[in-house]
Amino acid sequence: MRTTTAAAAAARLSFPILIQQQQPTSFVNYRHHLFSCSTSSAFALRLPKVSRLTARTFSSFQVAMGDAPDAGMDAVQRRLMFEDECILVDESDRVVGHESKYNCHLWEKIESGNMLHRAFSVFLFNSKYELLLQQRSATKVTFPLVWTNTCCSHPLYRESELIDEDHLGVRNAAQRKLLDELGIPAEDVPVDQFIPLGRILYKAPSDGKWGEHELDYLLFIVRDVNNNPNPDEVADVKYVNRDQLKELLRKADAGEEGLKLSPWFRLVVDNFLFKWWDHVEKGTLKEAADMKTIHKLT
């Protein structure tokens, strides 16, 4: 196919192009890649990492072409759904493959196939031993606007996050996502300060279409940090002490204020959190660690 300029392509498609000046060739590269693929889904799965503005632009472009899946999905969340590759594991936490975040969270695929994947949940305490909670943004595909622990996400199928030794891959992923979601700089959360305490395996539906089936690493860290939440990921944050968390639990159980908690957070609270909180305050977290057992919770 003859290569055209971004301006000519935009005129032909009648589509408004918003591109950053420092990336003048981005549209040409995308246009060439799009029309060299047999389907737009192949294009979506091969999106390289680009600026948020560029990603939003081309997610809009895909919708304009009329063939984007879940066209109503927020542009940032769609990019992450197709770009991120989760690590598929068996119930013994052995790596068996990889799959898009999109497919890993479709409930019909979770129910019919092996979409069990690695995840992590960070519990960050400050020097007053208060736990930092986040409320997930309204645009999150799974469990929007629920309150949960500090950060919950996935190690990706990449070399730095597949390292099993000392659970380094998962700890690298946790540091990456604390920056992405909460704006916490890497120097505030050194990788060697994350303490893996345990692993849980759980399955939970979200809204009928989406859900979770995860082998979740529980990472604790005690640090005073600076945070600047990313509104695409996080609606609100707050520190809580034990009594304040118990009050949140009471409100969630009573259905007050529309308050909801994520299923994985509730499983950790009900099974482990308060006894581990004792170790946080005593400085004995490593004594509580059990990384040999995988707790199957429902």
Self-check item: Candidate pair Ile87 and His98, rule side chain to side chain contact (heavy atoms under 4.5 Å, CB included), full reasoning
Solution: CA-CA 5 Å; Ile87 302 168; His98 56 96; 5.9 Å; no
Quiz prompt | Aromatic plane relationship, Phe123 with Phe265 - under 30° parallel, 30 to 60° tilted, over 60° perpendicular | solution = tilted
Examine distances only and state if a side-chain atom of [X] and a backbone atom of [Y] form a donor-acceptor pair shorter than 3.5 Å.
| X | Y | value |
| --- | --- | --- |
| Gln135 | Thr148 | no |
| Asn227 | Gly183 | no |
| Glu161 | Leu156 | yes |
| His117 | His213 | yes |

Quiz item: Does the distance from a Lys or Arg side-chain N to an Asp or Glu carboxylate O, for Arg266 and Asp253, drop under 4.0 Å?
Solution: yes
Would you say the side chains of [X] and [Y] form a donor-acceptor pair under 3.5 Å?
| X | Y | value |
| --- | --- | --- |
| Ser127 | Asp224 | yes |
| Tyr202 | Glu212 | no |
| Thr142 | Arg136 | yes |

Measure across [X] and [Y] and return the closest heavy-atom pair with its distance rounded to 0.1 Å.
| X | Y | value |
| --- | --- | --- |
| Val146 | Leu261 | CB-C, 4.1 Å |
| Ser206 | Phe143 | OG-N, 3.1 Å |
| Arg176 | Pro155 | NH2-CA, 4.5 Å |

Quiz item: Honestly, is Lys238 close enough over Trp147, meaning NZ or CZ under 6.0 Å from the six-membered ring centre and within 45° of the axis?
Solution: yes
Quiz item: Applying salt bridge (charged side-chain N to carboxylate O under 4.0 Å, His left out), which residue pairs with at least one partner in residues 281-293 are found, sequence neighbours left out?
Solution: Arg242-Glu281
Exercise. For residues 105-122, pull every pair meeting salt bridge (charged side-chain N to carboxylate O under 4.0 Å, His left out), keeping only residues two or more places apart or in separate chains.
Key: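 Residue pairs with at least one partner in residues 105-122: Asp93-Arg118, Glu111-Lys203, Arg118-Asp164.
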Report yes if some heavy atom in the side chain of [X] is under 4.5 Å from a heavy atom in the side chain of [Y]; otherwise report no.
| X | Y | result |
| --- | --- | --- |
| Glu233 | Asn230 | yes |
| His279 | Leu285 | yes |
| Asp236 | Gln134 | no |

Quiz item: Should the heavy atoms of other residues, nucleotides or ligands under 6.0 Å from CD of Glu187 be counted, would the total exceed 12?
Solution: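 More than 12 heavy atoms, drawn from other residues, nucleotides or ligands, come within 6.0 Å of this atom.
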Exercise. Find out if a path of hydrophobic residues (ILVMFWY) with successive side-chain heavy-atom gaps under 4.5 Å connects Met291 to Ile294.
Key: yes
